[in-house]
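Notes to accompany the following structure.
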Amino acid sequence: HECIRVFPEDICITIMAANFVLESMCNPQLCLKWAKGVLHVAKDHYLEPKLYLVLGKAQSVIALKELTFEKQQLLQKESLEYFERAVKLDPQGVEFIFQYALHLAQAREISAAREQVQNALGLSHDHTGCLHLLALLLTSDKQYTEALQICELALQQHPDNLSLLKTKILLQVANLGVHPALQTCKQALKIWQKLYSDDTSGLIGAVTQDDHSLYDLPLKSLERDEPTFVTPDIASDAGSSHFSTSYSPALNPPVIVQAHIWCLIADVFINGRRFSDATLCVQEAQFLASYPPVVSITNGKVLESENQLEIALDQYNNALALQPYNSSALTHVGRVLHLQDKNEEAEKHLREAISIDRLNHEAWFWLGKVFTAQKEHEHATDCFKTSLQFESSAPIQAFQLL
């Protein structure tokens, strides 16, 4: 605030300050205000494209927080205009092109996004974000084999990238089956240890120290100690500060990352119908960090797979209590309510999921099932058609996760 007050028209200082409040304080509105405040002096300045990049990022974050799809689309269109302006001002700027391509993809303009990302890769062939985005764009066209090849290529250059590994695991499940996916899951756990902690306690230590692959390893047979974790920002006090669930999530990003990995492994086990192993993975994630909605959602999926619908519904509702406008959680709640023949409640939740994310093809599908049960066949047909339309361009995981 003081920098902006003292140097209100300094573009360099404004960009640094705006980036800080966006990335470190999660305040896109203030970022947007400051960046717009110097637009009038940025004309033909060498930092003008970077200013438009900041504007696009801030507007995109604001769009993601909107609760209605129509408002999201309007703000998303404005952010695309900012990114397009940055690319026009600096056609050689790989980061500008990447951000433009990413947000085109989020708007499901798949062909345009592929054209832009290929332009960026022509300028920088090993750009991690561009390679990852290209892989996801290929999955939108259901070209899973080609997408997996791109992932493998990117991982040769960036072997410790856990986000790329997640996409590889999802592609292996879809393309090759559970066995190779579980091998990659074990690799992800080892990389987490390499990046964040060499501690061998907990389930992660038991799994990574065992010579068997996860596919051949029943998790319930493993003996393990209770996990302890050093948090990087606190560990300087003689290295004795260990993780506890009383810490806030912001202080323990590595622990959140490991919890997400266990949820991913649980999903793979669900695909392989190994529900007891999936349950152990969820329990480990809950011990590490029970507050991310994905932990409750994954637990719900395990319970639902075992036909424990009432307890699964409790877990999905728990995810909604943590994040009330989570379209995925609303979809899960709607599906379970339909399976319990509570179709009026199911319709309410599925409509809400769609109002938040109109591209949610699963919500459209289950809304069609609800209408079918209610003998509203014309509405059901419309829902199924919409579901097919959106599913045909859906990536294997959301573009926003990049």
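Residue numbers run from 1 in the order of the sequence given. If you're wondering where the values come from, they're calculated on a predicted model, not measured in any experiment.
Sorted pairs that involve residues 26-43 and meet salt bridge (Lys or Arg N to Asp or Glu O under 4.0 Å), not counting sequence neighbours, are lacking altogether.
S327 and A353 get closest at one heavy-atom pair: OG-O, 3.0 Å. A pairwise comparison of heavy atoms in P292 and H260 identifies CB-NE2, 4.2 Å as the closest pair. Residues T208 and K186 come closest through the heavy atom pair CA-CE, 4.1 Å. Taking every heavy atom of both residues into account, L155 and N161 meet most closely at CD2-O, 4.0 Å. Contact record, I396 with T139: N-OG1, 3.0 Å, taken as the closest heavy-atom pair. Of all heavy-atom pairs between P49 and A86, the closest is O-CB, 3.4 Å.
Counting only N and O atoms by type, the side chains of E362 and H332 include no donor and acceptor under 3.5 Å apart.
Between Y52 and Y82, the angle of the ring planes lies from 30° to 60°, which puts this pair in the tilted group. In this pair, W34 and H1 present their aromatic rings perpendicular. The plane angle is above 60°, beyond the 30 to 60° band.
Applying the salt bridge (charged side-chain N to carboxylate O under 4.0 Å, His left out) test to R114 and every residue at least two apart in sequence or in another chain returns D141. Residues forming a salt bridge (charged side-chain N to carboxylate O under 4.0 Å, His left out) with D160 (at least two apart in sequence, or on another chain): K194. Applying the salt bridge (charged side-chain N to carboxylate O under 4.0 Å, His left out) rule to K168 yields the partners E152; only residues at least two apart in sequence or on another chain are considered. Partners of E2 under the salt bridge (charged side-chain N to carboxylate O under 4.0 Å, His left out) rule, at least two apart in sequence or in another chain, are R5. For K301, the side-chain hydrogen bond (donor to acceptor under 3.5 Å, both in side chains) partners two or more places apart in sequence, or in a different chain, are D267.
With hydrogens and angles ignored, the 3.5 Å screen pairs no side-chain donor or acceptor of T14 with any backbone N or O of A35. Side-chain atoms of H125 never come within 3.5 Å of backbone atoms of G122 as a donor-acceptor pair (strictly under, hydrogens ignored).
Applying the ring-ring contact (aromatic ring centres under 6.0 Å, His included) test between H103 and each of F399, F96, F83, F98 identifies F83 as the sole match.
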